Undergrad: 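Submitted below is the structure of interest, expressed as structure tokens.
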2 protein chains.
Amino acid sequence: MNIKDIAQIANVGVSTVSRVLNGHPDVKDETRAKVLAVIKKNNYIPNNSARVLKQTNTRNIGILVKGVFNPFFSEILKTVSTGVENAGYTMILQHHNNENDIDTLLGFIKEKKLQGVICLGGNFLDLTDEVLAEISTAIVLVSVDSVTRKNLKRCSSISIDNQQASYMAVNYLINNGHHEIGLMLGEVVDFGIGKERYEGYKKALADHHIPFNEKYVLYGGFECKGAYDKTIEFLKKEKQITAIFAISDIMAVGVAKATANLGYTIGKDISIMGFDGMDFATYYEPSIATIKQPKQDMGLRSVDLLLNLLSGKAENAHIFLDVKLVEGGSCQSI
Amino acid sequence: MNIKDIAQIANVGVSTVSRVLNGHPDVKDETRAKVLAVIKKNNYIPNNSARVLKQTNTRNIGILVKGVFNPFFSEILKTVSTGVENAGYTMILQHHNNENDIDTLLGFIKEKKLQGVICLGGNFLDLTDEVLAEISTAIVLVSVDSVTRKNLKRCSSISIDNQQASYMAVNYLINNGHHEIGLMLGEVVDFGIGKERYEGYKKALADHHIPFNEKYVLYGGFECKGAYDKTIEFLKKEKQITAIFAISDIMAVGVAKATANLGYTIGKDISIMGFDGMDFATYYEPSIATIKQPKQDMGLRSVDLLLNLLSGKAENAHIFLDVKLVEGGSCQSI
DNA sequence: CTGAAAGCGCTAACAG
DNA sequence: CTGTTAGCGCTTTCAG
């Protein structure tokens, strides 16, 4: 069942069917009704590929997710997918773990003829306006490293200031009297947000004249279990530790469980901070203090921006959203 | 830059380029190398739409997610997306909340020329082999209602026995001495897995001659907050309650927090069971007892089955995977 | 307002 | 082994 069949059954030309399909105004109401009726009766659905092949306007939006499919991205994804679909676009999700995020992005755009892409995570430090000049695709980078600071004119970004957010967390711990603060990062090699949060940690220590100790830096692999295991091992050796800052809530939960199992009372014997602002951390007992990222807003604004970019209603922009330090029973003064 | 350009530059015909692209064997090594070089030098990437338009073999696999993008689905999605991409397929993700899951599925298949679909969630009770006879798309339903029991010959499914799993949980609570057991469901209207778990709850009570009390059934909307609020309200009225079974871990966390805030000691004053087997529940303090679904396995097996269905290596099948009751400090005998 | 016809970029006969 | 060519189903001029 294709457009030709419909045209034949409805006794009109294919172009008329096409016009009806695309909501062009210059079709007689009567004809439109007839065509619509035939379409409905035959359950006809236009072939997307043919349409995309022909049009420059493919209505394809890609979502490129880098690395682990963490719950934080999932929440953004939820918002984004709703927005993209409501706007009548097709959403193509690609998940990768390649070295070169830029090449992956470029390939994705060409292959799928994307009109727009939202990248969740990844490292785009080497991205330049020259590279982007070759393509006319709208690009919004979400939650990526500080490429945003380069003020590229041919792409947009929505992010938070990771270094400052991390600084805020560590500073808060220090102001609560903590000096021996462990840091739970994800992977050892991380040139993206992990690195920036690492630097925020170091800076906060330095500003308070607290010496930095490499042994206090742990890598939990962004999973509960990793964080749990590393914390157990760590606290057995470093008994002077009074606080641990994990750069994701999921790891914070692992840290919390580890301290509890070691006999610490969370909040009293040890303070724990997370990062992201996930529900399950807020509803932990005690509530895990965290740096809350505006997840919903990040999703909403990235779709908004992308759609406005596509319709020419907006210019490329680099938007920094504010985070909020959410206090919780897991963090107390000493 | 298209196939014709490449052919011209490489001084060969388009079909040769096409053959190289598709790994056909009958190309002279020398020619292949030449073409490959030109492709690489020009950063040529074939247009997917044209390929899909032409081929029956579109290499498009759709993932249709129904309802909330919960963390449980996200985990499956992670596994699935990796599998689909490794097999060289394009993954098109669609997220919907329509009434009619079957029509949505059918439309999705036609529009995107899908060769296979994996449905996460949804209600396919009205699905029949007659409807499926019209399409030649491989379909794997994952985590859906008991349509699986109808033994459709033209689609597959991977699921757990929700009623029995729920029965197992409630039975466990009862055997631990609990008689006044609250049930935290998601939405009031639910003809899918929610209903089956509801029935498992009722059946367990009945088998132990415990009267069913409609007031003990709560609806938390599959969110921490909803579960939290409803539990607070509930426990203020029904002080005789000694256990609550939530049909998702995320809600169990909300329930746990509520009981803690009301001054209950979890595990001692009240027992809590979850469902799914998510990390953050296991790492809760105390660990939340749960019915662990084989998430990883569900993802893996659905991709496997789908790919084998596509290559003719497997027949449609309805697979029930086993769940496991994981004990935890949140549940104790009284 | 409507129809005929030219491709979009690719694959796969088919012919060499 | 390789090139020529006919469409895949659709949109979009261009004529009516």
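Letters go in sequence order (proteins before strands), and every chain restarts at 1. Please read these numbers as outputs of a predicted model, since none were measured by experiment.
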Undergrad: Between P on D:dC1 and NZ on B:K34, what's the gap in Å once rounded to a whole number?
TA: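 For the pair B:K34 NZ and D:dC1 P, the rounded distance is 14 Å.
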
Undergrad: To the nearest Å, give me how far apart CD1 (A:I6) and P (D:dT11) are.
TA: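 My rounded result for the distance is 13 Å.
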
Undergrad: Would you check if the side chain of A:N2 reaches a backbone N or O of A:K4 as a donor-acceptor pair within less than 3.5 Å?
TA: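 Between the backbone of A:K4 and the side chain of A:N2 there is a qualifying donor-acceptor contact (under 3.5 Å).
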
Undergrad: If we fit an axis to the first five pairs and another to the last five of the helix from C:dC1-D:dG16 to C:dG16-D:dC1, what angle do they make, to the nearest 10°?
TA: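 Rounded value for the end-axis angle: 40°.
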
Undergrad: In whole Å, I'd like the distance from the NZ atom of A:K28 to the P atom of C:dT2.
TA: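 Going from A:K28 (NZ) to C:dT2 (P), I get 5 Å.
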
Undergrad: Strictly by modelled atom types, are A:S49 and B:S49 linked by a side-chain donor-acceptor pair under 3.5 Å?
TA: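 Result is no, nothing qualifies.
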
Undergrad: Heavy atoms only: give me the nearest B:L105-B:V117 pair and the separation to one decimal.
TA: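 Looks like CD1-CG1, 3.8 Å.
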
Undergrad: Testing the basics here: between B:I160 and B:M298, what is the closest heavy-atom pair and its distance to 0.1 Å?
TA: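 Where B:I160 meets B:M298 most closely, the heavy atoms are CG2-CE, 4.4 Å.
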
Undergrad: If you define the side chain from C-beta out and look only at heavy atoms, does anything of A:I61 sit under 4.5 Å from A:T90?
TA: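 With C-beta onward as the side chain, the pair stays apart.
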
Undergrad: Tell me, for nucleotides 8-14 of chain C in 5' to 3' order, what letter each nucleotide earns: B for a base near a protein heavy atom under 4.0 Å, S for only sugar-phosphate near one, - for neither?
TA: BBBBBBB

Undergrad: I want to check something: taking the side chain as every heavy atom from C-beta on, are A:I63 and A:I92 in contact at a cut-off of under 4.5 Å?
TA: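 No; the side chains remain at least 4.5 Å from each other.
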
Undergrad: Students often get this wrong, so: under 4.0 angstrom with heavy atoms, is A:N11 touching a base, only sugar-phosphate, or nothing?
TA: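 A:N11: backbone/sugar contact only, no base atoms under 4.0 Å.
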
Undergrad: Would you please test B:K110 and A:Y44 for side chain to side chain contact (heavy atoms under 4.5 Å, CB included) and show each step?
TA: CA-CA 9 Å; B:K110 274 200 220 170; A:Y44 165 67; over 6 Å; no

Undergrad: Would you say a side-chain N or O of A:T16 is under 4.0 Å from OP1 or OP2 of C:dC1?
TA: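 No, outside the criterion.
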
Undergrad: Looking at every heavy atom in both A:L53 and B:A50, which two are closest together, and how far apart are they?
TA: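 It is CD1-CB, 3.6 Å.
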
